[in-house]
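Worksheet for the structure shown next.
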Amino acid sequence: MLRAQFGNGAFTLFTPGHVISERYRVRSELGEGSGGEVYEVLDLQSGAVLALKIQQPRYLESTNTYGLYGEDVHHEFALGASLGGISGVVTPLDFGDHLGRTYFVMERVDGFDLGEFVGRSQPVSSIRSAAVLVQLCTVLHQVHSRGFVHRDIKLENALISRRGVVTLIDLGSSVPSGEVPEMPAGTFGYLAPEAASHGVAETSLDIFSAGCLLFRMLTMEFPFLNETGHVMARRPLPVDKLVNVDPVVQRVCVAMLEWDPADRPTAAEVRDELIAVLPNVSSPVPPRLSHDPVRWWWEQLQWQEHAPMS
Ligand SMILES: Nc1ncnc2c1ncn2[C@@H]1O[C@H](COP(=O)(O)OP(=O)(O)OP(=O)(O)O)[C@@H](O)[C@H]1O
């Protein structure tokens with residue numbers, strides 16, 4: 001298999017200039033995860049700059065696992081296409097095979113993932129965290145309303161543009177809600193306790209994971225992660241870490257992290273509670289925010305762009 005090396009030292013499939021399927025010219029690597037490598041590409045037909053996610057080679061790969069990973073990429077493309085039209089979910093555009101690897105092409109989101117965003121802000125203020133969660137839960141509400149559970153909500157699976165607009169990516173683990181998935185999914189630190197029993201996938205799984213994401217933004221820590229990386233047993237939420245957090249944001253975060261899935265709010269409820277925390281964009285930014293980078297962001301962010309929930 002073709003292997004090449006980028007300037008950052010990581011081994012990746014392609015270097016800039018490589019042309020995929022005689023159509024997509026690689027410009028740079030955007031990121032990689034367990035499922036695939038993502039490149040910024042130039043579409044030689046349309047001239048558009050897009051993102052291309054391609055199945056990653058793996059150690060100890062067999063014909064069987066090779067086929068399965070290819071199916072994952074196809075599943076992500078198909079699901080993304082069926083969720084098309086949801087603002088805040090990345091739109092897949094094309095699907096194909098190159099050098100025996102399955103890939104799909106999608107819109108390229110300008111910005112960086114929330115992991116990087118949190119790394120820069122350390123930790124994120126209540127208002128900025130609420131602004132991110134309002135958008136994420138607006139998208140999640142629509143994904144849930146269409147009958148799907150994302151199953152891998154985490155900082156790295158949400159991109160934020162320089163204007164503060166949040167986009168949800170990596171639909172590869174999503175399954176219809178109410179079904180028992182064939183494969184477990186999720187990321188340690190964000191997994192709901194009931195995920196360990198591999199039962200029916202419910203939308204409340206995503207709420208718990210989004211609660212972990214919010215807790216991480218606010219505190220830089222995972223709420224329940226133990227030393228081995230597993231959520232092993234019920235234990236109290238370390239609420240003392242949230243003392244400096246806005247009381248509404250704190251209450252919502254605690255509710256999202258309820259151990260019993262039935263006690264967690266829906267995505268629409270989270271969104272509606274947190275939107276009250278945000279300054280009214282039609283009024284001037286309060287002077288106390290003048291040195292907060294959120295002001296710069298806020299002035300450019302049009303909340304009106306986000307359709308109200310039904
Ligand atoms: N449409 C896009 N536009 C810009 N960057 C993207 C896009 N899609 C993915 N990326 C970048 O590539 C990284 C990896 O993408 P993604 O999470 O889809 O891969 P993955 O292999 O499925 O990851 P995981 O380990 O979560 O399974 C993202 O964190 C993001 O930085």
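Whatever order the structure lists ligands and atoms in, that order sets their numbers, starting from 1. Throughout, residue positions are numbered sequentially from 1 according to the sequence presented.
Among protein heavy atoms, the minimum distance from atom 11 (C) of ligand 1 is reached at L30 O, 4.0 Å. Of the protein's non-hydrogen atoms, V38 CG1, 3.8 Å is the one closest to atom 10 (N) of ligand 1. Counting only heavy atoms of the protein, atom 29 (O) of ligand 1 lies nearest to E156 O, 3.2 Å. The protein heavy atom nearest to atom 28 (C) of ligand 1 is I169 CD1, 3.7 Å. Atom 25 (O) of ligand 1 has as its closest protein heavy atom S34 N, 2.7 Å. In this structure, the protein non-hydrogen atom closest to atom 4 (C) of ligand 1 is V109 O, 3.4 Å. Looking from atom 18 (O) of ligand 1 to the surrounding protein, the closest heavy atom is K53 NZ, 2.8 Å.
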Sequence neighbours excluded and cut-off under 3.5 Å, please list the side-chain donor-acceptor pairs for residues 171-186, or say none.
{"residue": "S174", "atom": "OG", "partner": "L171", "partner atom": "O", "Å": "3.0"}
{"residue": "S177", "atom": "OG", "partner": "G147", "partner atom": "O", "Å": "3.3"}

Show me the side-chain donor-acceptor pairs of residues 213-222 shorter than 3.5 Å, one per line, residues at least two apart or across chains.
{"residue": "R216", "atom": "NH1", "partner": "Y190", "partner atom": "OH", "Å": "3.1"}
{"residue": "T219", "atom": "OG1", "partner": "F215", "partner atom": "O", "Å": "2.7"}
{"residue": "T219", "atom": "OG1", "partner": "E221", "partner atom": "N", "Å": "3.0"}
{"residue": "T219", "atom": "OG1", "partner": "E221", "partner atom": "O", "Å": "3.3"}
{"residue": "E221", "atom": "OE1", "partner": "K241", "partner atom": "NZ", "Å": "3.2"}

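Smallest separation of non-hydrogen atoms from I86 and V139: CG2-CG1, 4.3 Å. Closest heavy-atom contact between P223 and C212: CG-SG, 3.8 Å. Across every non-hydrogen atom of I169 and H150, the tightest pair is O-NE2, 3.1 Å. The two residues R264 and I207 come nearest to each other via the heavy atoms CB-CG2, 4.1 Å. The two atoms that bring E107 and A51 nearest to each other are O-CB, 4.0 Å, heavy atoms only.
In L159, the part holding a heavy atom less than 4.0 Å from any atom of ligand 1 is the side chain. Of the heavy atoms in D113, only side-chain atoms (C-beta onward) come closer than 4.0 Å to ligand 1.
Looking only at atom types and distance, the side chain of S209 has no donor-acceptor partner in the side chain of D152 under 3.5 Å away.
Considering both main-chain and side-chain atoms, N157 comes within under 3.5 Å of ligand 1 through a nitrogen or oxygen pair. Taking only nitrogen or oxygen atoms, main chain and side chain alike, A51 does not reach within less than 3.5 Å of ligand 1. Taking distance alone, with nitrogen or oxygen atoms compared against 3.5 Å, E107 approaches ligand 1 more closely than that limit. Checked by distance only, ligand 1 and M106 stay at 3.5 Å or farther apart across all their nitrogen or oxygen atoms. Between D170 and ligand 1, at least one pair of N/O atoms sits closer than 3.5 Å.
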> Step by step, would you call F224 with F208 a ring-ring contact (aromatic ring centres under 6.0 Å, His included)?
Replying inline: CA-CA 11 Å; F224 295 115; F208 188 92; 5.8 Å; yes

>> Go through it in stages, so that I can follow the logic: the residues are D170 and K53, the test is salt bridge (Lys or Arg N to Asp or Glu O under 4.0 Å), and I'd like the CA-CA distance, side-chain angles, deciding distance and then a yes or no.
In response: CA-CA 10 Å; D170 199 0; K53 181 170 178 175; 3.4 Å; yes

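For the pairing with S126, the side chain to side chain contact (heavy atoms under 4.5 Å, CB included) check across L242, N244, V248, V245 returns one residue only, V245.
For E37, the closest heavy-atom approach to ligand 1 does not fall below 4.0 Å. At least one heavy atom of G36 sits less than 4.0 Å from an atom of ligand 1.
In summary, the atoms of ligand 1 found under 4.0 Å from a heavy atom of D152, numbered by their order in the structure, are 26 (O). Within the listing of ligand 1, atoms 1 (N) sit less than 4.0 angstrom from a heavy atom of V90.
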